[in-house]
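Only heavy atoms go into these numbers, but all of them, side chains included; no hydrogens, no water, no symmetry mates.
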Amino acid sequence: MEEKLTFVDEVQCTVLEVKVIEGHGTTVDVVLVNGMLHEGDQIVVCGMQGPIVTTIRALLTPHPMKELRVKGTYLHHKKIRAAQGIKISAQGLEHAIAGTALYAVRPDEDIEDLKDAVMEEMARVRNRIDKSGEGVYVQASTLGSLEALTEFLKSPAVNIPFCDFSIGPVHKKDVMKASVMLERKKEYATILAFDVKVMPDARDLAEESGVKIFVADIIYHLFDQFTAYIKNVKEEKKKESAEEAVFPCVLKIMPNCVFNKKDPIVLGVDILEGIAKIGTPICIPSKEFIDIGKIASIEINHKQVDTATKGQKVAIKIIGTNSDEQQKSFGRHFEMEDELVSHITRRSIDLLKANYRDELSLDDWKLVAKLKKILNIP
């Protein structure tokens, strides 16, 4: 066993926790795996705002039979040899990151190289930030946890963009950063908090401002919570935009199927292209795009339906949309040979793209492009 256990002079040390201790200020709890640390050593630590270069002010350990995390008095050391847990007191540790390496600067080492080395993991996470500036805000307990979370979010099967991140408990400042998305993309005004606490004032601010916070100790649970939330948001948006979202359709009046000529107009039609829905405004391109009303009901074999698609033959009832205007009628404003099309607009196309993209086939989108050209929509 003695032959297998070897001591190495090179310092190998990892930051476990960052905390404020009365009388010592901000300290870091570390585990020294190899090497030796001395009071007065210059060290380099990874920080949220860049590498932290500082000098060890005190090397502390708990009294025998006490844990490092338990509050109380500590033993001071001039030097400590691996392997053990140590509390390090030094200036400028407020933004140090748990889960990262701590390097001791030796006379023959270039401090700039150590700065680059200590920030490597942080650089990997920063490179995953969505370049569009839109995305959720992510938070984790350590840099290792954060790296695992961001790698998961960026995987093709998940593909959730994130715009910023932090490490440690969720504070008010994190909620304020996440709230930027309220004006850009509301559903992304969200904090995915992995294995961290949410401070009470942060939760209060989130509720006031409309920022959602999802907390879980397992990455997959965070994913499930967020995807369920996004699904609900999409459904709400669909409900809100239902009246304005006009689906594309082209209808042909069938022979001997004009059941009522005036408001309400009742016709038997063949759906040549697209999707006919209740509420769809109908116009006649061959008659200077005259609007004849909205589809109020659809029947297939005497059964009411909300939607009908290409190839189906249905009976539709069209009612006028403006009581101040003269109501349109078959035989006076349009004839048997005139095609009926949905009156899409720039606004309705944008709503289809935003909220109904997955409900339209490739042929439906081609029809949107065709009607856009016919109706001279920019």
Side-chain angles (χ1 to χ4, degrees), residues 238-239 241-378:
K238 282 184 180 181
K239 287 177 185 176
S241 63
E243 287 189 16
E244 292 183 87
V246 179
F247 280 65
C249 66
V250 178
L251 315 175
K252 180 69 177 173
I253 303 170
M254 293 189 293
N256 305 314
C257 288
V258 179
F259 306 116
N260 202 54
K261 295 182 179 182
K262 290 184 178 181
D263 190 23
I265 300 167
V266 182
L267 308 167
V269 297
D270 185 1
I271 300 173
L272 301 181
E273 293 182 87
I275 304 167
K277 282 179 169 269
I278 290 177
T280 301
I282 300 296
C283 68
I284 314 290
S286 56
K287 293 290 191 288
E288 298 181 347
F289 307 103
I290 187 172
D291 288 304
I292 62 171
K294 283 187 176 182
I295 297 177
S297 65
I298 304 172
E299 280 190 14
I300 301 177
N301 297 327
H302 305 290
K303 288 183 180 178
Q304 294 271 355
V305 294
D306 294 328
T307 304
T309 55
K310 180 181 177 179
Q312 290 185 309
K313 292 175 174 55
V314 300
I316 60 171
K317 178 165 74 174
I318 300 173
I319 59 173
T321 55
N322 192 338
S323 57
D324 296 332
E325 289 183 5
Q326 180 188 6
Q327 298 304 312
K328 308 303 183 291
S329 61
F330 177 82
R332 182 173 181 185
H333 297 98
F334 65 102
E335 306 293 338
M336 182 73 69
E337 62 273 10
D338 294 317
E339 280 188 347
L340 284 59
V341 306
S342 54
H343 197 164
I344 64 171
T345 61
R346 177 72 266 166
R347 167 75 174 158
S348 72
I349 293 171
D350 291 341
L351 288 172
L352 287 179
K353 286 179 179 177
N355 304 323
Y356 298 88
R357 188 178 291 274
D358 56 344
E359 292 187 26
L360 275 73
S361 66
L362 182 58
D363 286 341
D364 294 330
W365 283 114
K366 285 179 180 178
L367 179 57
V368 169
K370 177 181 167 184
L371 294 180
K372 182 181 168 185
K373 194 171 181 180
I374 292 171
L375 295 164
N376 295 317
I377 297 170

Do [X] and [Y] have side chains that approach each other closer than 4.5 Å (heavy atoms only, starting at C-beta)?
| X | Y | result |
| --- | --- | --- |
| Phe330 | Ile253 | yes |
| Thr345 | Val246 | no |
| Phe289 | Ile374 | yes |
| Val305 | Val314 | no |

Which pair of non-hydrogen atoms, one from [X] and one from [Y], has the smallest distance, and what is that distance?
| X | Y | answer |
| --- | --- | --- |
| Lys372 | Pro378 | CE-O, 3.6 Å |
| Ser342 | Pro248 | OG-CA, 3.2 Å |
| Asp306 | Ile298 | O-CD1, 3.7 Å |
| Cys283 | Leu375 | SG-CD2, 4.1 Å |
| Ala276 | Ile295 | CB-CD1, 4.3 Å |

Practice prompt. Hey, could you give me the CZ/CG distance between Phe247 and Leu352, rounded to the nearest 0.5 Å?
Written response: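 Here the rounded value is 5.5 Å.
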
Tell me whether [X] at atom [atom1] has more than 12 heavy atoms from other residues, nucleotides or ligands lying less than 6.0 Å away.
| X | atom1 | value |
| --- | --- | --- |
| Lys262 | NZ | no |
| Asp358 | CG | yes |
| Glu243 | CD | no |
| Glu288 | CD | no |

Worksheet item: Would a distance-only check, ignoring hydrogens and angles, find a side-chain to backbone donor-acceptor pair under 3.5 Å from Tyr356 to Leu351?
Response: no

Discussion item. I'd like to know if the side chain of Arg347 reaches the main chain of Glu244, judged simply by a donor and an acceptor atom lying under 3.5 Å from each other, with no hydrogens or angles considered.
Written reply: no

Worksheet entry | Option among Leu272, Val269, Ile284 that satisfies the side chain to side chain contact (heavy atoms under 4.5 Å, CB included) test with Glu339 | Leu272

Fill in: Option passing side chain to side chain donor-acceptor pair (under 3.5 Å) with Asp338 (candidates Lys252, Lys287, His333)
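For Asp338, the side chain to side chain donor-acceptor pair (under 3.5 Å) check succeeds only for Lys287.
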
Worksheet item: side-chain contact (heavy atoms from CB on, under 4.5 Å) with Lys294: which residues, sequence neighbours excluded?
Response: Pro281, Thr321

